[in-house]
Engineer: 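Take a look at the following structure, please.
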Number of protein chains: 2
Amino acid sequence: MIIDPSADDRLDHAFMALADPVRRAIIARLSRGPATVNELAEPFAITKQAVSKHIQVLEHAGLVTRTRDAQRRPVHLDAAQLEALTAWIDRYRLIHEQQFRALDALLAQAPGPEAGASVATETGDHL
Amino acid sequence: MIIDPSADDRLDHAFMALADPVRRAIIARLSRGPATVNELAEPFAITKQAVSKHIQVLEHAGLVTRTRDAQRRPVHLDAAQLEALTAWIDRYRLIHEQQFRALDALLAQAPGPEAGASVATETGDHL
DNA sequence: TCATTGATCAACCATGTGATTGATTAAACG
DNA sequence: CGTTTAATCAATCACATGGTTGATCAATGA
C-alpha cells in the first residue's frame, strides 16, 4: 500500500517499535541469530498471537525481515534501521555537545559576570 | 511518586518520546540551546497546551529538564539519556555484526556446501 | 486423505495517546 | 489593585495499541 514512506514515518515506527520491552527483548534475541515465532514467544507469558503482532510491528518499522522455511517463518534482524536511529540521536547529541564547548570557550575568553549571551550557532535542521 | 524507575521503564519512555515527530523536532531545536514553551510551540500548527504536554512527556523520559525564570519555564536538553539510547541500540547492533563476522570466518574456513551451522556465541542478555 | 505443526487472521476489549477547548495559577507590569 | 503574559490543569474526544480467544490458512508427514 505505502509507496514511499517518509524518513519521518520510518523513524516514528522504529522508535515506537523499541518503546516496548517485549520488542526490545526480541531484538536482543535476534541479534544473536534468526529465530521462529515459537522460539521468540517461548520466554514470554503472553500468547503466540501477541508475539506475532509484535513481530509485525518490528517488520513494519524495518527492523526485522521474515523469510520462509517450510511452515516456519524465521525472523532476521535488519541492523540498517538500527543504525539510522543511532544516527538521528547522535546528530543532536553532538550538536548539543558542541554548544557546550562553544559556551565554555566564550566564558573563558570574556570572564565578566554579565555573560548571559544565548548560544546560537546556526545549523540546518532536518527535523 | 516513582522512587526508582527501572532501566526498562526509562528506555520505554525515552524511545516512546522519540517516536513522535513533534517531540523529535523539539529535541532538534533544544540541541541548539534552551527555549521556552512559547518558542517551542511557534513552528507548529497545534496549541500551546499540546506542546506543553509533549514537553512533559520528554521530561518524564529524562530527555529534558525545566528551570524557572520569572513566568518563563525554559526547557533544556539533557543529553545523558540520549546517550543511554544509543548505548542500548549499539549494543545489539554490534553483537549482530559480530555474528556476521563469525559466520564469514566459518564459511571461509570450511567452504563445503553443507555448512548449515547455527551461529550462537553466547552473550549475557540485559533485556 | 487426514491429522499435526507453525503461524496468521478476525473480532473484541481495556487502556493510553494526541489533540482540543475552557478555566486556572503565577509572576511581571501599569 | 487590575491586566497582561507564560504556562499548566481539567474534561473531553477520536483513535491507536497490546492483549485476549477462536477460527483459519499452509506445509509436513502418517
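What you see is a predicted model; the values in this text were computed from it and never measured. Letters A, B, ... are given to chains in the order of the sequence lines, protein chains preceding strands, and every chain is numbered from 1.
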Engineer: Would you tabulate the side-chain donor-acceptor contacts of residues 72-87 of chain A under 3.5 Å, counting partners in other chains and residues two or more places apart, or write 'none'?
Structural biologist:
from	atom 1	to	atom 2	distance (Å)
A:R73	NH2	A:Q71	O	3.3
A:H76	NE2	A:T67	OG1	2.9
A:D78	OD1	A:A80	N	3.3
A:T86	OG1	A:E83	O	2.9

Engineer: Using the rule that two of Ile, Leu, Val, Met, Phe, Trp, Tyr join whenever any of their side-chain heavy atoms come within less than 4.5 Å, decide whether B:F15 and B:I55 are in one cluster.
Structural biologist: yes

Engineer: Measure CD/A:Q71 against P/D:dA27 and give the value in whole Å, please.
Structural biologist: 9 Å

Engineer: Atom CD of B:E39 and atom C1' of D:dA6: how far apart are they, to the nearest Å?
Structural biologist: 11 Å

Engineer: Strictly under 3.5 Å: I want the nitrogen or oxygen pairs between protein and nucleotides 16-22 of chain C, one per line.
Structural biologist:
from	atom 1	to	atom 2	distance (Å)
C:dG18	OP1	B:R23	NH1	3.2
C:dG18	OP1	B:R23	NH2	2.9
C:dG18	OP2	B:R23	NH1	3.4
C:dA19	OP2	B:H54	NE2	2.3
C:dA19	N7	B:K53	NZ	3.1
C:dA19	N6	B:K53	NZ	2.5
C:dT20	OP2	B:T47	N	2.9
C:dT20	OP2	B:T47	OG1	2.8
C:dT20	O4	B:K53	NZ	3.4
C:dG22	O6	B:Q49	NE2	2.7

Engineer: Are the aromatic ring centres of A:Y92 and A:H96 under 6.0 angstrom apart?
Structural biologist: no

Engineer: Membership question, hydrophobic clusters at under 4.5 Å side-chain separation (ILVMFWY): are B:V57 and B:L30 in the same one?
Structural biologist: no

Engineer: Starting from C1' on D:dT28, measure out to CZ on A:R73 and report it in whole angstrom.
Structural biologist: 13 Å

Engineer: Specify the separation, in whole Å, of atom CD1 of B:I55 and atom C1' of D:dC9.
Structural biologist: 15 Å

Engineer: What is the distance from NE2 of A:H60 to P of D:dG18, rounded to the nearest Å?
Structural biologist: 13 Å

Engineer: Taking only side-chain nitrogens and oxygens of A:N38, does any of them come within less than 4.0 Å of OP1 or OP2 of C:dA7?
Structural biologist: yes

Engineer: Figure out the CZ/C1' separation between B:R72 and C:dA26, and round it to whole Å.
Structural biologist: 12 Å

Engineer: Spell out, as yes or no, whether a donor-acceptor pair under 3.5 Å connects the side chain of A:R23 to the backbone of A:L18.
Structural biologist: no

Engineer: Give the rounded distance in Å between these two atoms: CD of A:Q56 and P of D:dT17.
Structural biologist: 12 Å

Engineer: Rounded to the nearest 0.5 Å, how far apart are CE of B:M16 and CG of B:L11?
Structural biologist: 13.5 Å

Engineer: For the side chain of A:R68, counting heavy atoms from C-beta on, which of D:dA7, D:dA26, C:dA7 is nearest?
Structural biologist: D:dA26

Engineer: Measure CG/A:D69 against P/D:dA27 and give the value in whole Å, please.
Structural biologist: 12 Å

